[in-house]
Amino acid sequence: MPDTALKDRQIAWTGQLERIGADHGFYRRLDAEHKALFVEGDDTLVVTFDNLDDARQKVEERLPWGVNFINSQGWSALGIGAHGWTWYRAEAVYDFFDEMRETGFFERFRRVVFYGTSMAGYAAAAFSSAAPGATVLALSPQATLDRDVTGGWEGRYRAVWRRNFTDRYGYAPDEAAQAAQMWLLYDPTVREDSMHATLFRAPNVTRIRCRRFGHRLGSSLTAMGVLKPITQRVVAGDATPAEIYALLRARRTVPAYQKTLLKQLLAMKRPRLTYDYAHAVLRSSHPARRPHYRKAMDEIAKQFDWPSYTPPAV
């Protein structure tokens, strides 16, 4: 994105945050890279994190950090936003959470939940120690990006290697150990995400394995229509692994999940399984919208002299 366009987006975001904070809670500029917004609701607080410079989403559709959804449930919201992929590693962010803890801000609420995905999932776990006894809901979180720990297997986030992950609120597994419960959702087929998940070893961690969802779990769960009910159950404190796995079974009909599974079957070189799966997807959806499946099925059919795909008679 051109610098001028990014600057315009940042100005628009800041103006919106200032207006919301003035009307419904407070807004704070923590430093040049980070902002905080509190919108008051009931006695349940959901703390969220976000990258304000993510150009994939529009200002009017997403700001601030899920507050529209959070407040629609009646909950209070505290959103921490970052300009860029900072992983919130900044003294100003640490000081803000120290202040919230020391002034008793979190004690105002009957229930506190820290929520985030990927970079924000790391932050949800890492900063949850500011409110001991809170609940953490983290999707595809990193445990740390300290090169002494992850140097042999985590190479996705080079831009943040210069940040310090050994100072305050640094090692997420240790910080999240102070939570009452941590729900950790991840795809065990994503090697790096699985490695990070293994570092969260405290007895308060409940791992939910979301096979073949990929790293972008939030997008996949949203497409399935299950992120909202999962979040509602976790925030209410009555979620169970069985209920969450039951919701995840809806993945079978989600195009993003189906495409991921097709790619994995092709990589595994399982022609019969791939052929049958592609055929099943084509039978259950409009073939013209699923060219990848028809191509995979036809190529395998040629290789083994099997029947190519034939559209059903109208």
Side-chain angles (χ1 to χ4, degrees), residues 47-51 80 82 85-91 93-94 97-98 101 112-221 227 230-231 234 239-241 244-245 248 260:
V47 184
T48 63
F49 300 81
D50 201 4
N51 177 5
I80 311 299
W85 302 106
T86 70
W87 268 255
Y88 311 92
R89 305 308 302 157
E91 288 288 335
V93 181
Y94 313 158
F97 277 99
D98 283 350
R101 181 186 66 241
V112 179
V113 179
F114 285 73
Y115 167 78
T117 179
S118 191
M119 175 179 86
Y122 162 79
F127 291 103
S128 66
S129 62
T135 297
V136 178
L137 174 58
L139 282 59
S140 306
Q142 295 80 46
T144 179
L145 291 178
D146 177 11
R147 300 300 294 155
D148 288 340
V149 178
T150 66
W153 47 270
E154 176 58 274
R156 296 175 295 181
Y157 309 114
R158 294 175 182 272
V160 79
W161 285 359
R162 61 186 174 82
R163 304 269 179 171
N164 187 345
F165 285 83
T166 62
D167 53 357
R168 285 184 292 162
Y169 302 106
Y171 188 59
D174 285 351
E175 305 299 326
Q178 300 182 50
Q181 186 170 21
M182 177 178 181
W183 293 91
L184 197 167
L185 281 65
Y186 71 104
D187 184 344
T189 69
V190 178
R191 175 176 174 267
E192 296 89 347
D193 289 351
S194 185
M195 294 289 285
H196 284 291
T198 64
L199 297 176
F200 289 89
R201 299 172 179 170
N204 65 344
V205 176
T206 300
R207 295 185 183 84
I208 302 294
R209 295 167 177 80
C210 307
R211 294 184 63 83
R212 301 188 179 91
F213 279 77
H215 176 71
R216 292 182 57 77
L217 269 181
S219 298
S220 299
L221 297 176
L227 181 59
I230 289 174
T231 304
V234 169
T240 67
I244 294 177
Y245 278 119
L248 293 180
T260 297

Exercise for review: Mind listing the closest non-hydrogen atom pair of S219 and R216 along with its distance?
Suggested key: OG-NH2, 2.9 Å
Check your understanding: Is V136 close to V205 at the side-chain level, that is, under 4.5 Å between some pair of heavy atoms?
Key -> no
Review point. Quick one: are I244 and T206 in side-chain contact, heavy atoms under 4.5 Å?
Key: no
Practice item. Answer yes or no: is there a side-chain heavy-atom contact under 4.5 Å between D148 and T166? Key: no
Study note, to complete from the structure: For A177 and A202 the tightest heavy-atom approach is CB-CB, 4.0 Å
Exercise for review: Quick one: list whatever passes side-chain hydrogen bond (donor to acceptor under 3.5 Å, both in side chains) with T231, sequence neighbours left out.
Suggested key: none
Review point. Do you know which two heavy atoms are closest between T144 and F165, and how far apart they sit?
Key: OG1-CB, 3.5 Å
Revision key, fill the gap. In this structure, CG of L227 is separated from CG of L217 (nearest 0.5 Å) by 9.5 Å
Check your understanding: How many angstroms lie between atom CZ of R163 and atom CH2 of W87, to the nearest 0.5 angstrom?
Key -> 10.0 Å
Point to revise | S118 side, atom OG; N51 side, atom CG - distance, nearest 0.5 Å | key: 10.0 Å
Point to revise | From OG1 (T135) to CZ (F114), nearest 0.5 Å | key: 10.0 Å
Check your understanding: So do the side chains of L199 and V149 get within less than 4.5 Å of each other, counting heavy atoms only?
Key -> yes
Check your understanding: Which pair of non-hydrogen atoms, one from G218 and one from T117, has the smallest distance, and what is that distance?
Key -> N-OG1, 4.3 Å
Practice item. For the pair R207 (side chain) and A197 (backbone), establish whether a donor and an acceptor sit closer than 3.5 Å, ignoring hydrogens and angles. Key: yes
Review point. Do I230 and I208 pass the side-chain contact (heavy atoms from CB on, under 4.5 Å) test, and can you show the C-alpha distance, the side-chain angles, and the key distance before you say yes or no?
Key: CA-CA 11 Å; I230 289 174; I208 302 294; over 6 Å; no
**Study point:** Rounded distance [0.5 Å steps], CG in L184 versus CD in Q181
**Key:** 11.5 Å
Point to revise | Sub-4.5 Å side-chain heavy-atom contact between I80 and F97 | key: yes
Exercise for review: Report yes if some heavy atom in the side chain of D98 is under 4.5 Å from a heavy atom in the side chain of R168; otherwise report no.
Suggested key: yes
Counting only pairs under 3.5 Å, give me each side-chain donor-acceptor contact of residues 120-128, with atom names and distances, residues two or more places apart or in other chains.
unit_1, atom_1, unit_2, atom_2, d
Y122, OH, R89, NH1, 3.3
Y122, OH, Y169, O, 3.4
Y122, OH, G170, O, 2.6
S128, OG, A125, O, 2.8

Exercise for review: Considering non-hydrogen atoms only, spot the tightest contact between S129 and E175 and give its length.
Suggested key: OG-OE1, 2.6 Å
Exercise for review: Evaluate the criterion side-chain contact (heavy atoms from CB on, under 4.5 Å) for residue pair L145 and H196; output intermediate values, then yes/no.
Suggested key: CA-CA 10 Å; L145 291 178; H196 284 291; 4.3 Å; yes
**Study point:** Approximate separation, where rounding is to 0.5 Å, of T48 OG1 and Y115 OH
**Key:** 9.0 Å
Exercise for review: State, to 0.1 Å, how close W161 and E154 come at their nearest heavy-atom pair, and which atoms those are.
Suggested key: CZ2-O, 3.8 Å
Review point. Between the side chain of Y245 and the main-chain N/O of R209, is any donor-acceptor distance below 3.5 Å?
Key: yes
**Study point:** T86 and V93: CA distance, side-chain angles, deciding distance, side-chain contact (heavy atoms from CB on, under 4.5 Å) verdict
**Key:** CA-CA 11 Å; T86 70; V93 181; over 6 Å; no
Result block: side-chain N/O donor-acceptor pairs under 3.5 angstrom for residues 188-195, not counting sequence neighbours:
unit_1, atom_1, unit_2, atom_2, d
T189, OG1, D187, OD1, 2.6
T189, OG1, D187, OD2, 3.1
R191, NH1, W153, O, 3.4
D193, OD1, R156, NH1, 3.0
D193, OD1, R156, NH2, 3.0
D193, OD1, H215, ND1, 3.2
D193, OD2, H215, ND1, 2.8

**Study point:** Beyond-backbone contact of M119 with Y157, side-chain heavy atoms, under 4.5 angstrom
**Key:** no
